[in-house]
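Below: the structure, in structure tokens.
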Protein chains: 2
Amino acid sequence: MLEAGHPCGDCAARCRAICSVLENDELKTFRKSGATMRLAAGETLFYEGDPARSVYSLARGTLRLTKMLPDGRRQIADFLFPGDFLGLTLEEGHSFSAEAVTPVEICRFSSARFEAFAAIHPQLERRLYALAAHELAAARQQVLRLGRKSAAERIASFLLMLAGREQDSGSTTKSNAREVFLPMSRTDIGDYLGLRIETISRELSAMKAQKLIRLASTQRIEILDLERLEDITAGETNVPGCVCA
Amino acid sequence: MLEAGHPCGDCAARCRAICSVLENDELKTFRKSGATMRLAAGETLFYEGDPARSVYSLARGTLRLTKMLPDGRRQIADFLFPGDFLGLTLEEGHSFSAEAVTPVEICRFSSARFEAFAAIHPQLERRLYALAAHELAAARQQVLRLGRKSAAERIASFLLMLAGREQDSGSTTKSNAREVFLPMSRTDIGDYLGLRIETISRELSAMKAQKLIRLASTQRIEILDLERLEDITAGETNVPGCVCA
DNA sequence: CGAGCGATTGATCGCCATCAAAGTGGGTGG
DNA sequence: CCACCCACTTTGATGGCGATCAATCGCTCG
């Protein structure tokens, strides 16, 4: 438990973030080595290929990691939520761009200082590996979705994945997770699932017609029949849950 | 440089493997904590869901990591080559199956002993993170291939990726890497690229007709026009090279 | 109230899957 | 050493899913 008045005391992402392995004084020192920054929706944190001089921990909001092909086709490699970490790479530059889907709040650290700090805090390094392993499992799940699943299966799988993530980030309100919030546009969902927006729209409408979901608004989807939705995913949505120790 | 007669002295994978960060005595101790095993082509090292009690370093041959959907659709998440490491997970069980594509030779360690060893050899942990980060980048590359590329683009990209890997594993002979060896069947390639074998076959024939490649045999493909092949990939084949320090 | 952007719905097209059949090559047994 | 067999690959014909093109809806903001 953090002492009263700790600068990280009110961080919503603290339980999931990389810094969850640090306590009071360590954490204060760590925080002082970095800075907090904000981005408006649509702004870019860094571009693919940019030299990787900083690492980041997302405190609030949603980010998307994107890769572009020269002709403009775009693939979203991942969406990041509070507590997620990004930016550490062994290559010269970043291998994707990072953009704000919603307004975001980010803790930023210089790579050099972060690495130095990690070197003397082995629990940070272990945590780092844990996060990387977790992301790797998620990326492979995504490979399965894109390689072998139909449009309906991808979308059902996506909805349930988001429902699961909302749950383990201990999101604000209802823990029954029947309601999924989609912070991103249909275009973003399409670029994540390898589908066109029209297909996303059509499939969601079809699911609505079958009373699997209810479209409370464009961004809020209520899951009406969890079981049948799970059947549609064709299994394997088990992106393992929270990495919280 | 290892002393003469060292048990790992003749390991072809040594430069790339996890153990590359260990020297003489450390390496001897490490090796003694494990065992060497062999599998014939087609045999399974472990199944998805099996409890993860061991970790492995591939010394010779090719492995495939697969995920199955209940109805039999299969996705190959990755092919592993000499020097690749696998098995370390934070979940209870493995998140994919591992099968031998060719006869393989594997160094096996109990997870518990490996972790204990890593805890007192920080350079192993860093190496581990490096490998995970590298695999993550590769997995995201695969996400791009599957999400946004046409059949021809996927195949061209796959061929060039293999050509690149052969090169940095310092493979036996010719370093100009104009010849790519495909240890896996067309079915495996299809299950990796999210395509059917007929499509693989047709596209390779088309590339042959355009004199981009020559099919020396089913398993050996000679690249005749590297430049045009790179154009076809629609960019972004740059899976960063060898992780050798 | 009107402008503009994102989402939805509709109609048609094209790529790759599917179904089907013929070709190829490696291994075994006679 | 050869003939056969079987599994894998290649090639051909057809069909379906999701992309593309197009029009309308609906919300937000000026």
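Here is how names work: the chains are called A, B, and so on, in the same order as the sequence lines, proteins then strands, and each is numbered from 1. Everything quoted here is computed from the prediction, not taken from an experiment.
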Should the pair B:K208-B:D225 be classified as a salt bridge under the 4.0 Å nitrogen-to-oxygen rule? no
Without decimals, in angstroms, what is the distance between B:R220 CZ and C:dG25 P? 13 Å
Taken to the nearest 0.5 Å, the spacing of B:Q219 CD from B:L182 CG works out to 7.0 Å
Determine whether a donor-acceptor pair (N or O, by modelled atom type, separation under 3.5 Å) exists between the side chain of A:K67 and the backbone of B:L144. no
To the nearest 0.5 Å, how far apart are CD in A:E222 and CD1 in A:I213? 10.0 Å
Can you tell whether the side chains of A:D188 and A:R64 come within less than 4.0 Å, N to carboxylate O? yes
Please list, in numerical order, the residues of residues 183-191 of chain A that have a heavy atom closer than 4.0 Å to any atom of DNA chain D. none
Here the distance between atom C1' of C:dG23 and atom CG of B:L215, to the nearest Å, is 15 Å
Is a side-chain donor or acceptor of A:Q75 paired with a backbone partner of A:L193 at a separation under 3.5 angstrom? no
With rounding to the nearest 0.5 angstrom, report the CD1 to CG distance, A:I189 to A:L204. 6.5 Å
More than 12 heavy atoms of other groups within 6.0 Å of B:R73 CZ: yes
Test side chain to side chain donor-acceptor pair (under 3.5 Å) on A:S157 and A:R145 and set out the steps. CA-CA 8 Å; A:S157 168; A:R145 254 196 296 271; 2.8 Å; yes
Atom-to-atom span, NZ of B:K208 to P of C:dT24 - whole angstrom: 10 Å
For A:F46 together with A:Y56, are the ring centres under 6.0 Å from each other? yes
D:dT9 P sits how many Å from B:Q219 CD, rounded? 8 Å
Scan B:S201 against the nucleic acid and name what it touches under 4.0 Å (heavy atoms): base, sugar-phosphate only, or nothing. base
Between the two ends of the helix from C:dC1-D:dG30 to C:dG30-D:dC1, what is the bend in degrees, rounded to 10 degrees, where each end axis spans five pairs? 40°
Whole-Å distance between D:dT9 P and B:L182 CG? 10 Å
Nucleic acid footprint by protein, nucleotides 13-30 of chain D - heavy-atom cut-off 4.0 Å, B for base, S for sugar-phosphate alone: B----SSBB---------
Nucleotide C:dT8, atom P - distance to CG of A:L204 in whole Å: 7 Å
My understanding is that only one of A:L160, A:L224, A:I155 makes a side chain to side chain contact (heavy atoms under 4.5 Å, CB included) with A:L229; could you say which? A:L160
How many Å lie between CD1 on B:I155 and C1' on C:dC15, as a whole number? 13 Å
